[in-house]
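The structure appears below as structure tokens.
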Amino acid sequence: MFSGSIVALVTPMQADGSVDNSALDRLVDFHVSNGTNAIVAVGTTGESPTLSVEEHIGVVKRVVERAAKRIPVIAGAGANSTREAIELTRLAKDVGVDACLSVVPYYNKPTQEGLYQHFKAIAQAVSVPILLYNVPGRTVVDMKPETVQRLTEFPNIVGLKEACSLERNRELINRVGGRLALFSGDDDLACEAVLAGFQGVVSVTANIAPRQVRAVMDAALAGKRDEARKLDMKLQPLHKAMFLESNPIPVKWAAARLGLITDAVRLPLVPLSRQHQGPILEAMQSAGIAFA
């Protein structure tokens with residue numbers, strides 16, 4: 001259903017923390033015009049932890065409406081409560097998303113059997129395509145490849161966003177390649193993941209360098225190894241710069257430099273510290289990003 005460069009879209013905000021709907025419209029148009037392959041709305045990069053359910057679905061609905069079928073929209077719809085995850089998934093389906101991204105439950109540390117039962121319940125409750133999301137650096141719990149393999153029995157579980165390691169990526173290709181679409185959740189590993197058999201990346205960097213990330217993915221998916229690696233090498237400093245502080249603090253600051261949004265974030269996140277501004281600007285310049 002999806003491949004290539006999928007942006008993990010930031011949620012633009014006003015200085016008071018309210019959602020900036022006009023900027024959100026501009027972002028959707030920006031990604032359509034710059035060749036992004038799909039949008040994830042209100043994932044972690046979209047500050048899902050601090051949006052109310054009403055705000056969450058409001059942003060998803062606005063992205064769907066603005067996209068107007070020009071680009072697929074995937075809704076972040078995960079939660080550490082299975083009931084809440086089902087509710088978010090159902091609401092996202094109702095506003096017309098193409099799929100939902102469902103993260104491993106965080107904080108309450110379920111077992112592998114608990115993860116299986118959680119995603120089974122969501123898949124059986126809502127008939128919408130679902131992409132699983134494993135990001136142990138944020139959730140603490142690591143969904144093992146054998147659990148992912150078990151979940152392939154549900155036809156509407158169609159993909160996995162994996163943010164772990166290249167070694168894990170290879171194991172997933174061996175276990176579920178061809179049965180699930182596999183996406184890197186790490187920009188810095190995405191090129192090698194796709195060259196090994198993944199279908200694309202869910203990218204933070206694509207918020208500010210959509211054409212460049214798309215070019216890497218196109219080359220890697222075409223098997224042009226040397227070209228893909230050359231393009232990717234130019235982006236590596238930017239990938240790393242996007243995580244000098246907690247995501248999405250750096251990428252929002254960078255997007256504000258491009259005139260796309262303000263750098264406002266919601267507490268407990270705070271705007272980028274001064275010490276990291278210079279390195280991020282340097283990384284943007286080295287990636288060939290044109291400033292507004």
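This is a predicted model, so every value here is computed, not measured.
- Although no hydrogens or angles enter the test, the distance criterion places a donor-acceptor pair under 3.5 Å between the side chain of Gln112 and the main chain of Asp142.
- Side-chain contact between Leu27 and Pro12 is present, with heavy atoms from C-beta onward closer than 4.5 Å.
- For the residue pair Ile173 and Ala196, the shortest heavy atom distance occurs at CD1-O, 3.2 Å.
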For Asp232 and Lys234, what are the C-alpha separation, side-chain angles and deciding distance, and is it a salt bridge (charged side-chain N to carboxylate O under 4.0 Å, His left out)?
-> CA-CA 5 Å; Asp232 181 60; Lys234 192 172 182 180; over 6 Å; no
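- Hydrophobic clustering (side-chain heavy atoms under 4.5 Å, transitive across Ile, Leu, Val, Met, Phe, Trp, Tyr) keeps Val270 apart from Phe243.
- Side-chain contact between Phe2 and Phe183 is present, with heavy atoms from C-beta onward closer than 4.5 Å.
- With sequence neighbours excluded, the residues forming a side chain to side chain donor-acceptor pair (under 3.5 Å) with Glu153 are Tyr116, listed by chain and number.
- Side-chain contact between His239 and Thr205: present, with at least one pair of heavy atoms (C-beta onward) separated by less than 4.5 Å.
- Taking 4.5 Å as the limit, some side-chain heavy atom of Leu151 sits within range of a side-chain heavy atom of Leu132.
- Without hydrogens or angle criteria, Asp186 side chain to Leu189 main chain gives no donor-acceptor distance under 3.5 Å.
- Counting only distance, with no hydrogens or angles, the side chain of Asn156 and the backbone of Val126 share a donor-acceptor pair below 3.5 Å.
- Exactly one residue among Lys120, His118, Gln117 makes a side-chain hydrogen bond (donor to acceptor under 3.5 Å, both in side chains) with Thr82. That residue is His118.
- The shortest distance between side-chain heavy atoms of Leu258 and Met284 falls below 4.5 Å.
- Between Thr50 atom OG1 and Leu269 atom CG the span is 6.5 Å, to the nearest 0.5 Å.
- Leu195 and Leu231 fall into different hydrophobic clusters, where Ile, Leu, Val, Met, Phe, Trp and Tyr residues are linked whenever their side-chain heavy atoms come under 4.5 Å apart, directly or through other members.
- In this view, Arg90 satisfies the salt bridge (Lys or Arg N to Asp or Glu O under 4.0 Å) rule with no residue, not counting sequence neighbours.
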Applying side chain to side chain donor-acceptor pair (under 3.5 Å), run through Ser127 and Lys93 and close with a yes or a no.
-> CA-CA 8 Å; Ser127 58; Lys93 179 191 176 185; 2.8 Å; yes
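- Side chains of Trp253 and Pro271 form no contact here, defined as non-hydrogen atoms less than 4.5 Å apart.
- Linking ILVMFWY side-chain heavy atoms closer than 4.5 Å, directly or via other members, places Val97 and Val53 in a single hydrophobic cluster.
- Taking 4.0 Å as the cut-off between side-chain N and carboxylate O, Lys240 and Asp187 do not count as a salt-bridged pair.
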Please lay out, stage by stage, how Val148 and Leu180 fare under the test side-chain contact (heavy atoms from CB on, under 4.5 Å).
-> CA-CA 9 Å; Val148 175; Leu180 291 181; 3.6 Å; yes
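- In terms of heavy-atom proximity, Leu260 sits nearest to Arg26 at O-NH2, 3.5 Å.
- Annotation: the span from Ile57 atom CD1 to Glu87 atom CD amounts to 8.0 Å, rounded to 0.5 Å.
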Taking it one step at a time, do Asp25 and Val28 satisfy side-chain contact (heavy atoms from CB on, under 4.5 Å)?
-> CA-CA 5 Å; Asp25 290 346; Val28 174; 5.8 Å; no
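- When all heavy atoms of His56 and Ser48 are compared, the closest pair comes out as CE1-CB, 4.2 Å.
- Both cation-pi conditions hold for Lys161 and Tyr133: the charged atom is under 6.0 angstrom from the six-membered ring centre and inside a 45 degree cone around its axis.
- Shortest non-hydrogen contact noted between Ala220 and Val194 is CB-CG1, 3.5 Å.
- For the atom pair CD1 (Ile261) and CG (Asn207), the distance works out to 7.5 Å, reported to the nearest 0.5 Å.
- Environment of CD in Glu113: crowded, with over 12 heavy atoms of neighbouring residues, nucleotides or ligands closer than 6.0 Å.
- Screening Arg225, Arg229, Arg170 for a salt bridge (Lys or Arg N to Asp or Glu O under 4.0 Å) involving Glu192 leaves a single residue, Arg229.
- Rounding to the nearest 0.5 angstrom, the gap separating the CG atom in Leu160 from the OG atom in Ser184 is 10.5 Å.
- Put simply, CZ on Arg179 and CD1 on Ile157 are 12.0 Å apart, with the number rounded to the nearest 0.5 Å.
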Given side-chain contact (heavy atoms from CB on, under 4.5 Å), test Asp20 with Met13 step by step and report yes or no.
-> CA-CA 5 Å; Asp20 186 340; Met13 294 175 180; 5.6 Å; no
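- Residues Ile130 and Val158 form no side-chain contact, since every pair of their non-hydrogen atoms from C-beta on lies 4.5 Å or further apart.
- Partner of Ile208 under the side chain to side chain contact (heavy atoms under 4.5 Å, CB included) criterion, chosen from Lys252, Met242, Arg257: Met242.
- Hydrophobic clustering of Ile, Leu, Val, Met, Phe, Trp and Tyr side chains at less than 4.5 Å, counting indirect connections, unites Phe154 with Val128.
- Panel note: side chain Ser18, backbone Gln14; no donor-acceptor pair is recorded below 3.5 Å.
- Contact of the Leu182 side chain with the Glu162 side chain is not registered, since no non-hydrogen atoms from C-beta on lie closer than 4.5 Å.
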List the steps, then state whether side-chain contact (heavy atoms from CB on, under 4.5 Å) holds for Arg66 with Leu24.
-> CA-CA 9 Å; Arg66 187 69 179 190; Leu24 188 60; over 6 Å; no
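- Remark: Glu65 engages Lys61 in a salt bridge, criterion side-chain N to carboxylate O under 4.0 Å.
- Of the charged side-chain nitrogens involved, at least one lies within less than 4.0 Å of a carboxylate oxygen, so that Arg266 and Glu55 count as a salt-bridged pair.
- Under a 3.5 Å cut-off, the side chain of Gln199 and the backbone N or O of Gly4 do not form any donor-acceptor pair.
- Taking a cutoff of 4.0 Å between a charged side-chain nitrogen and a carboxylate oxygen, Asp29 and Arg70 qualify as a salt bridge.
- Residue Ala283 comes nearest to Pro237 through the heavy atom pair CB-O, 3.8 Å, listed as atom of the first residue, atom of the second, then distance.
- A donor atom on one side chain and an acceptor atom on the other are found under 3.5 Å apart for Ser273 and Glu245.
- The distance from atom NE2 of His31 to atom CG of Asn37, rounded to the nearest 0.5 Å, is 12.0 Å.
- No donor-acceptor distance shorter than 3.5 angstrom exists from the side chain of Ser5 to the backbone of Ser203, with no hydrogens or angles considered.
- Not one N or O on the side chain of Thr36 forms a donor-acceptor pair closer than 3.5 Å with the backbone of Val32.
- A donor-acceptor pair is defined here as one N or O able to donate and one able to accept, closer than 3.5 Å; such a pair exists between the side chain of Thr11 and the backbone of Gly46.
- We find that Lys230 and Asp226 are not joined by a salt bridge, their nearest charged nitrogen and carboxylate oxygen being 4.0 Å or further apart.
- Scanning all heavy atoms of the two residues, the minimum distance from Lys69 to Gly96 falls at NZ-O, 4.3 Å.
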